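Every number for a ligand or one of its atoms is a count from 1 in the order of the listing. All of these numbers come straight from a predicted model, not from anything done at the bench.
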Amino acid sequence: MTVTPVMCDVWWAEPALADRGLLELLDDRERERHARFRLAADRDRYAVAHALARLAVAREAGCAPRDVVFGFRCPACERRPDPRPKPHGKPRPEGAARGLEISISHSGGRVVLALTRGVPVGVDVEGVSADRDIDGLIAYALTGSERAALEELPAHERVPGFFGYWARKEALLKATGEGLSGGLAAVAVTSPAAPAAVVSWESPDAPGHVQLTDLDAGPGYRAALAALTPAPVTVVPRDGAALLRER
Ligand SMILES: CC(C)(COP(=O)(O)OP(=O)(O)OC[C@H]1O[C@@H](n2cnc3c(N)ncnc32)[C@H](O)[C@@H]1OP(=O)(O)O)[C@@H](O)C(=O)NCCC(=O)NCCS
Ligand SMILES: [Zn+2]
């Protein structure tokens, strides 16, 4: 029996594509959030990511970008008797676009949006930077065996390797909607030197099936995609810059 692969569109763009016109695609909540960023770089990443999400979802659903409605889900709050009242967590298309699943990530000069039909996805892109407190981040995010595997890499591969680990783990936590509160160290993945796969996952939200794959985000970046499905996943890289220009 042949298993039909799940198609996952991965739209790439960059914050330099931001312009005032993009804000017209956003809803009031997004525009308010956009206006609250102090740094222009954060505003631009946000505007491009959310315009891209609306354009890609609208294209797939056959509706206008402004008619796309995003709901939010937080699995931790769904279990709580007193969930936080303000909507938060993983964005999920509703209305005309119901049934589509997305994940958004932005870092440095990269904006990425993953989109499937009906399969929960998580995407994460990370700029590789030695300026951060790498030892502190390693202690926070990696399991004992992941730390040991990182130590075995040649010195120049350790910092990029760490961000490879981070992207894989965060993509998984974004696929389930837990986000970082799910605990990066709760999920163990293979070494950056090996093909991406989950080794173990201690969480009430750990899925039965998951496909994890690295994405090519270009030099100086590490990125990964997680899809909660037993089926193989075909990644279809797409030109988000062209989509933004065509709007
Ligand atoms: C959301 C989170 C994973 C983002 O990580 P990051 O590396 O800073 O940012 P990224 O660019 O990779 O991803 C950001 C996008 O993830 C999405 N996102 C937010 N919460 C999410 C969640 N729980 N699951 C999946 N995706 C989420 C949003 O689309 C967000 O984009 P936006 O900020 O432009 O709206 C992380 O900040 C987080 O987990 N925060 C919330 C933790 C928390 O307290 N949760 C419990 C609430 S009760
Ligand atoms: Zn919550």
Run the numbers for me: atoms of ligand 1, each under 4.0 Å from some heavy atom of [X], listed by number.
X	result
Asp124	12 (O)
Tyr46	34 (O), 35 (O)
Glu170	3 (C), 4 (C), 5 (O), 6 (P), 7 (O), 12 (O)
Cys77	48 (S)

Measure the shortest side-chain to side-chain distance between [X] and [Y] over non-hydrogen atoms and say whether it is less than 4.5 angstrom.
X	Y	value
Phe70	Arg54	yes
Arg79	Asp205	yes
Thr176	Pro120	no

Which word best sums up how the rings of Phe162 and Trp166 line up, parallel for under 30°, tilted for 30 to 60°, or perpendicular for over 60°?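 Correct class here is perpendicular.
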
For atom 15 (C) of ligand 1, which of the options Val121, Leu184, Ile104, Leu173 provides the nearest non-hydrogen atom? Ile104

Counting heavy atoms only, which of Lys90, His34, Glu126, Arg110 is nearest atom 27 (C) of ligand 1?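 It is Lys90 whose heavy atom sits nearest to atom 27 (C) of ligand 1.
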
Within less than 4.0 angstrom of ligand 1, does [X] place any heavy atom?
X	result
Gly177	yes
Gly89	yes
His50	yes
Arg80	yes
Pro91	yes

Report, as yes or no, whether the 6.0 Å neighbourhood of atom CD on Glu78 holds more than 12 heavy atoms from other residues, nucleotides or ligands. yes

Would you say CZ of Arg132 has more than 12 non-hydrogen atoms from neighbouring residues, nucleotides or ligands within 6.0 angstrom?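 Open.
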
Ion pair present between Arg245 and Asp239, side-chain N to carboxylate O less than 4.0 angstrom? no

With respect to [X], determine whether any N or O atom, backbone or side chain, lies less than 3.5 Å from an N or O atom of ligand 1.
X	result
Arg33	yes
Val123	no
Ser105	yes

Look at atom 8 (O) of ligand 1 and say whether a protein heavy atom is found at less than 4.0 angstrom from it.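 Within 4.0 Å: no protein heavy atom nearby.
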
Distance from atom 31 (O) of ligand 1 to nearest protein heavy atom, with residue and atom: His106 NE2, 3.8 Å

Counting distance only, does the side-chain N/O of Arg110 pair as donor-acceptor with the main-chain N or O of Trp12 below 3.5 Å? no

